[in-house]
Amino acid sequence: MAEVEQLIDASLRRLFVPPPQHVLDRIVDRAVEQIAPAVRPRIRGTRLLAAAAAIAAAVVGGWQLWRVAGPGAGGPAAYRHQPWRSLDTVYGDTVAAGFEPAWVCADDREFALTFKSLHHQGLLLADPPPQIETLGLLYCNSITHRTIGVLFRVDGKPVIVFVDQVERDAVQPRPFVGLNVFRRQIGRLVLYELSPLAEPSVLPLFYDPDVENRR
Amino acid sequence: MRPLSPDGFADCFKECSRALWCIAAAIVGNPDQAEDVIQEAALVALGKLDRFDPSTHFPAWMSRIVRYVALNHARRRAVRRTVPLETGDPVAVPGRPQVPVNGRGEITPDQRSFDDRLLAALRDLDETARACLLLRVVLEMPYGEISLALDIRPGTAMSHVCRARRLLGARLGTNPMKPAAASGATHG
């Protein structure tokens, strides 16, 4: 019976994954704007102040800042349910569309919280070497409908790391045409790097901030 | 009594939004409709802010509204439903891939079948039991917090979870990974 209960728990965690916190925040913000338009300017002002504080903190703390403007900055509304696509299809579609992220985190905290809220574990990137450019995030329905993709350019070549919960990853690796796939597990998360390169370039950069903080 | 401002409401809502989402998903039995439910519940609650006593527990008040809205959603959906749950095509489960494949493009009939049977079995549970179970399993929430969120006693929350697990285990336990015979699904 214990085995069945484990299966049930794993299945519930796979089927009922709450959306990222910023998506939930946006829901109530929209409701407030709809009910009380007068509060809108104040909310915007608060957001501007928060953004300024985040940027200042990033500069002081030496955080890695991500692009916060430009064509790839889709905002929280960029998250939506999508039809299922395989990892290599997502890679191909994203490259064909110009390799632009759907969402760009303002700082490391937001980056870590995105994974924490969606997959119950934070995730961060060590400072990348100069040949690696971090572009941003996309959401896709691939390993599950809550898979997160992190977009990079490594020596100018497009690389995507797909992240989901390891308990949902009951699959055997299979080579994709023209792409190499590399796998890494960090705590409860599984990461797949899809890359035209022969070696994993960005997988070693990821780490669990909670584990690092405990050291 | 000074009513909660819309900004204050948003702050309180954000603190418990994941729990509210779980409660909504548990009652409608479908994670994809939970966002619609909590959005509608937020609008309803904003219209009743003057009735909320800030000295009371916000998540309990808000969860009552979420449950009310979610039950209405579930009833509306039940009226529209024309295919029996047990004999319906499992592909019709909203928000799921239309083909039984995983992230590698491989077919995973057993797990998918188990998920479908679990979703069907969940619908046989009382909605409070479903909410307790999801808050406990998905959010790993302590029973004390579940009791506050759902305005029930901690012991009641615990017995709901235990009973739900036992019932689901009995329903799915004889051969947990065997596809349901009635589903008629082929994954070849």
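Predicted, not measured: the structure shown is a model, and the values here were computed from it. In the text below, chain A, chain B and the rest are named by the order of the sequence lines, each starting its count at 1.
- Contacts of B:L168 with chain A are made by both backbone and side-chain atoms, with heavy-atom separations under 4.5 Å.
- Using a 4.5 Å cut-off between heavy atoms, A:T144 makes no contact with chain B at all.
- Summarising the local packing, CZ of A:R188 is surrounded by more than 12 heavy atoms from other residues, nucleotides or ligands at distances under 6.0 Å.
- Only the side chain of B:L118 comes within contact range of chain A, judged by heavy atoms closer than 4.5 Å.
- Judged by distance alone, the side chains of A:H120 and B:E140 never bring a donor and an acceptor atom under 3.5 Å apart.
- Proximity to chain A (any heavy atom under 4.5 Å) is shown, for B:L20, by neither the backbone nor the side chain.
- For the salt bridge (charged side-chain N to carboxylate O under 4.0 Å, His left out) test, no residue two or more places apart in sequence or in another chain qualifies with B:D126.
- Under the ring-ring contact (aromatic ring centres under 6.0 Å, His included) criterion, A:F162 pairs with no residue, sequence neighbours left out.
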